[in-house]
Amino acid sequence: EVGERMMLRVTHVDYTMGRVSGISAGERSSMYQVVTVRRGSQLSGTVTHNDGRPLEGVRVACYDINLQAYEPEDQMERFAITTADGTYEIKGLGDGMKRVVASKMGLATTVRPTLQAPTLAKIDFLMADGVAIEGTVVEKGTSKPVPGARVMCRASGSRSGNVVPPRVESVLSDEHGRYALIGLEPGPCEVWARGRAHLQSPRQVVEAGSDNVLVELPPAARLEGRVVDADTNESVQRYTLLVTGNPDTIIASRPNRRRISDPEGRFVFAGVQPMKLWMVVRADGYSETIDGPITVGQGEVATGLLIKLGR
């Protein structure tokens, strides 16, 4: 989309991940890139159950914790699946701080202390049976189930002896708002959630193994309207819509951006923070347009918005 900055990632099983940032569809010179990769670091080891048997089918993943990411899994750099004898091998790791995580259904996810690459390391895992946190996500005030909410948890800071930064586990709620966070170690956990049409919930501390844990999401504001050509009043059918609290600093992050494709140029932008805001529209063939400000409160819907784009 016009105005967006993108990152290109190139992967190969034997080489480090290549990254190029600052790519823009509006800058022809950035559309041709040379990506350099090299031989990277390697991890290997064995995964066993605490009863002594080797574990097959465990996912051992290495995360680049220096990489900023909206979703926890976006930091994942490489992974391997253990074989029948419980062994694994991960190659092609780039430089930087890494976190290594072993996980499998029914077992407690195990995290190793961070390590600095380049390295040639052997990391073994000892895994135990895991527990779960189950419950429902509902809208605060109406108690309606919220499907598709991202529910997250991590070990609470109240656990003693933690030497590894707590890892965030996450899962999406189902069509009835139900969720199950599995593979947890016993102990207190922080649980919270967010949804596309809702604000983030407050964090609550519950014991791993709890069920019927209720997570309430406050309703967010919603924007509804159309985008048209300023000269002809014809619909602009494809564009990117962003919301910002500061028109001088426009950040095209995932929560603040929607790509719209509609024959009548209509948009519905849910999940808006209650605040004074401006709307920014970027479309091919038009100048970037900033419209606003408007002020919306929690759960409010602003309708009939009309944004006109000039060339």
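These figures come from a predicted structure and were not determined experimentally.
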Residue pair [X] / [Y]: nearest heavy atoms and the distance that separates them:
{"X": "Trp192", "Y": "Ser201", "value": "CA-OG, 3.5 Å"}
{"X": "Val191", "Y": "Cys153", "value": "CG2-CB, 3.9 Å"}
{"X": "Gln298", "Y": "Pro219", "value": "CG-O, 3.0 Å"}
{"X": "Ala283", "Y": "Leu309", "value": "CB-CD1, 3.8 Å"}
{"X": "Ala117", "Y": "Gly94", "value": "CB-O, 3.2 Å"}
{"X": "Val296", "Y": "Ala302", "value": "CG1-CB, 4.0 Å"}

State yes or no: do [X] and [Y] share one hydrophobic cluster built from I, L, V, M, F, W and Y residues joined by side-chain heavy-atom distances below 4.5 Å, directly or via other members?
{"X": "Ile81", "Y": "Tyr63", "answer": "yes"}
{"X": "Ile182", "Y": "Val206", "answer": "no"}
{"X": "Leu43", "Y": "Val101", "answer": "no"}
{"X": "Val228", "Y": "Val280", "answer": "no"}
{"X": "Ile65", "Y": "Leu115", "answer": "no"}

Review point. Checking side-chain contact (heavy atoms from CB on, under 4.5 Å) for the pair Ile123/Tyr88: CA distance, chi angles, key distance, verdict?
Key: CA-CA 10 Å; Ile123 299 179; Tyr88 73 92; 3.5 Å; yes
Does a side-chain heavy-atom distance below 4.5 Å link [X] with [Y]?
{"X": "Tyr179", "Y": "Ile133", "answer": "yes"}
{"X": "Arg282", "Y": "Leu242", "answer": "yes"}
{"X": "Val47", "Y": "Thr110", "answer": "no"}
{"X": "Leu199", "Y": "Gln273", "answer": "yes"}
{"X": "Phe267", "Y": "Tyr239", "answer": "yes"}
{"X": "Arg59", "Y": "Met76", "answer": "yes"}
{"X": "Val60", "Y": "Val100", "answer": "yes"}
{"X": "His49", "Y": "Leu107", "answer": "yes"}

**Study point:** Under the side-chain hydrogen bond (donor to acceptor under 3.5 Å, both in side chains) test, residues paired with Asp174 that sit two or more places apart
**Key:**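 With neighbours one apart ignored, the set is empty.
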Return the set of residues passing side chain to side chain contact (heavy atoms under 4.5 Å, CB included) with [X] (not counting sequence neighbours), or none when no residue passes.
{"X": "Val138", "result": "Thr136, Leu214, Glu216"}
{"X": "Asp291", "result": "Met279, Ile307"}
{"X": "Leu172", "result": "Arg150"}

Point to revise | Residues forming a salt bridge (charged side-chain N to carboxylate O under 4.0 Å, His left out) with Arg178, sequence neighbours excluded | key: none
Exercise for review: Could you tell me which residues satisfy salt bridge (charged side-chain N to carboxylate O under 4.0 Å, His left out) with Arg258, sequence neighbours excluded, listed by chain and number?
Suggested key: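 Counting only residues at least two positions away or on another chain, Arg258 forms no salt bridge (charged side-chain N to carboxylate O under 4.0 Å, His left out).
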Quick one: [atom1] on [X] to [atom2] on [Y], what's the gap to the nearest 0.5 Å?
{"X": "Asp85", "Y": "Glu56", "atom1": "CG", "atom2": "CD", "value": "9.0 Å"}
{"X": "Leu277", "Y": "Leu223", "atom1": "CG", "atom2": "CG", "value": "6.0 Å"}
{"X": "Ser41", "Y": "Asp95", "atom1": "OG", "atom2": "CG", "value": "6.0 Å"}
{"X": "Glu77", "Y": "Lys98", "atom1": "CD", "atom2": "NZ", "value": "3.5 Å"}
{"X": "Cys62", "Y": "Arg112", "atom1": "SG", "atom2": "CZ", "value": "13.5 Å"}
{"X": "Leu55", "Y": "Thr87", "atom1": "CG", "atom2": "OG1", "value": "12.0 Å"}

Point to revise | Positive for side chain to side chain donor-acceptor pair (under 3.5 Å) with Gln42, one of Arg78, Lys91, Glu89 | key: Glu89
Exercise for review: Identify whether the distance between the nearest side-chain nitrogen and carboxylate oxygen of Lys144 and Glu139 falls below 4.0 Å.
Suggested key: no
Check whether any side-chain N or O of [X] sits under 3.5 Å from a backbone N or O of [Y] as a donor-acceptor pair, and report yes or no.
{"X": "Thr240", "Y": "Arg259", "answer": "no"}
{"X": "Arg196", "Y": "Ala270", "answer": "no"}
{"X": "Ser173", "Y": "Ala149", "answer": "yes"}

Practice item. Start with the C-alpha gap between Thr48 and Asp124, add the side-chain angles, then the distance that decides, and say whether side-chain contact (heavy atoms from CB on, under 4.5 Å) holds. Key: CA-CA 8 Å; Thr48 55; Asp124 296 328; over 6 Å; no
Review point. Please walk me through it: do Val268 and Arg222 pass side-chain contact (heavy atoms from CB on, under 4.5 Å)?
Key: CA-CA 7 Å; Val268 176; Arg222 188 169 78 246; 3.5 Å; yes
Check your understanding: Do Asn246 and Thr244 meet the criterion of a side-chain donor-acceptor pair at a distance under 3.5 Å?
Key ->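 Distance-only check fails for Asn246 and Thr244.
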Exercise for review: Show your working on side-chain contact (heavy atoms from CB on, under 4.5 Å) between Val213 and Gln204 and close with a plain yes or no.
Suggested key: CA-CA 10 Å; Val213 176; Gln204 55 182 309; 4.1 Å; yes
